[in-house]
Amino acid sequence: MTDEIIIALFQAREERAVQAVSAQYGAACLRTAKKYLHTQEDAEECVSDVLMKLWQQIPPAHPQNLEAFIITLTQRTALDSVRRQQAQKRGGDHTAVSIDAIGDTLSSVETVETTLSHKMLTEAVVRFLDTLSDDAQTIFTERWHNDTPPREIAKKFGISGVYVRKSLMHTRRKLIQYLDKEGLL
């Protein structure tokens with residue numbers, strides 16, 4: 001089934017649209033969600049959330065590239081889930097852990113400083129990604145998170161290779177400026 005037919009089904013509010021997306025893009029969504037969530041159950045729940053969000057968003061929205069729209073929505077939903085999980089860990093119902101217990105979990109090579117630095121950098125990059133347009137975010141994530149070569153990104157989303165390379169260059173410059181402003185460079 002083509003993307004245009006699926007979008008038309010969504011606009012007609014037919015439940016077959018959800019089934020078609022699940023059949024056509026479900027595996028890609030699950031792979032994307034697993035990269036962020038790491039457990040099968042959390043990833044499956046994320047995909048279910050994405051299908052519900054598609055049902056809510058597509059009648060007003062008309063995505064040019066349905067696959068990119070779905071993958072970006074999956075990434076954002078997975079990241080939101082990670083943020084909720086981290087918030088629960090910070091102040092939820094977990095009991096305090098002793099410093100010795102924390103020290104035992106860190107490898108001898110890692111230090112608290114490097115672990116904290118890595119976490120701060122990761123959180124800053126996630127915040128930065130939220131500032132990007134859907135296209136720039138998808139291209140950047142495909143290239144640097146999924147290790148997809150620019151030529152394949154262009155082919156996958158039906159855009160020119162020049163556009164992909166320019167988008168990556170522009171996004172890298174913005175990321176460097178953002179990290180510098182955050183004091184992480």
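FYI, side chains are in, hydrogens and waters are out, and symmetry mates aren't considered; it's all heavy atoms of this structure.
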Mind checking the [atom1]-[atom2] spacing from [X] to [Y]? Nearest 0.5 Å is all I need.
{"X": "F69", "Y": "H62", "atom1": "CZ", "atom2": "NE2", "answer": "11.0 Å"}
{"X": "K156", "Y": "I71", "atom1": "NZ", "atom2": "CD1", "answer": "6.0 Å"}
{"X": "Q75", "Y": "T141", "atom1": "CD", "atom2": "OG1", "answer": "4.0 Å"}
{"X": "E44", "Y": "C29", "atom1": "CD", "atom2": "SG", "answer": "12.5 Å"}

Inset, instruction - Establish, from distance only, whether the side-chain atoms of D3 and Y25 form a donor-acceptor pair under 3.5 Å. - result: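 There is such a pair between these side chains.
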
Please answer whether the main-chain N or O of [Y] pairs with a side-chain N or O of [X] as donor and acceptor at a distance below 3.5 Å.
{"X": "T72", "Y": "A68", "answer": "yes"}
{"X": "T138", "Y": "D134", "answer": "yes"}
{"X": "T77", "Y": "L73", "answer": "yes"}
{"X": "T148", "Y": "E142", "answer": "yes"}

Counting only heavy atoms from other residues, nucleotides and ligands, does the tally under 6.0 Å from [atom1] of [X] exceed 12?
{"X": "R16", "atom1": "CZ", "value": "no"}
{"X": "Q57", "atom1": "CD", "value": "yes"}
{"X": "R13", "atom1": "CZ", "value": "yes"}
{"X": "R172", "atom1": "CZ", "value": "yes"}

In the single-linkage hydrophobic clustering (I, L, V, M, F, W, Y; side-chain heavy atoms under 4.5 Å), do [X] and [Y] co-cluster?
{"X": "L30", "Y": "Y36", "value": "no"}
{"X": "V18", "Y": "M52", "value": "no"}
{"X": "I70", "Y": "W55", "value": "yes"}

Legend entry - Pairing residues for K35 by the side chain to side chain donor-acceptor pair (under 3.5 Å) criterion, not counting sequence neighbours: N146

Legend entry - Short N-O contact, R76 and D49, less than 4.0 angstrom: no

Inset, instruction - Could you tell me whether R83 and D80 make a salt bridge, using a distance below 4.0 angstrom between a side-chain N and a carboxylate O? - result: yes

Inset, instruction - For L37 and E45, run side-chain contact (heavy atoms from CB on, under 4.5 Å): C-alpha distance rounded to whole Å, both residues' side-chain angles, the deciding distance at 0.1 Å, then the answer. - result: CA-CA 10 Å; L37 299 171; E45 185 176 332; over 6 Å; no

Inset, instruction - Walk me through it: do K174 and L132 pass the test side-chain contact (heavy atoms from CB on, under 4.5 Å)? - result: CA-CA 10 Å; K174 286 174 65 176; L132 297 176; 3.9 Å; yes

Inset, instruction - Write down the atom of A20, the atom of M1, and the distance for their closest heavy-atom approach. - result: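 In this case the closest contact between A20 and M1 is CB-SD, 3.7 Å.
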
Legend entry - Whether F140 and F128 hold their rings parallel, tilted or perpendicular, with breakpoints at 30° and 60°: perpendicular

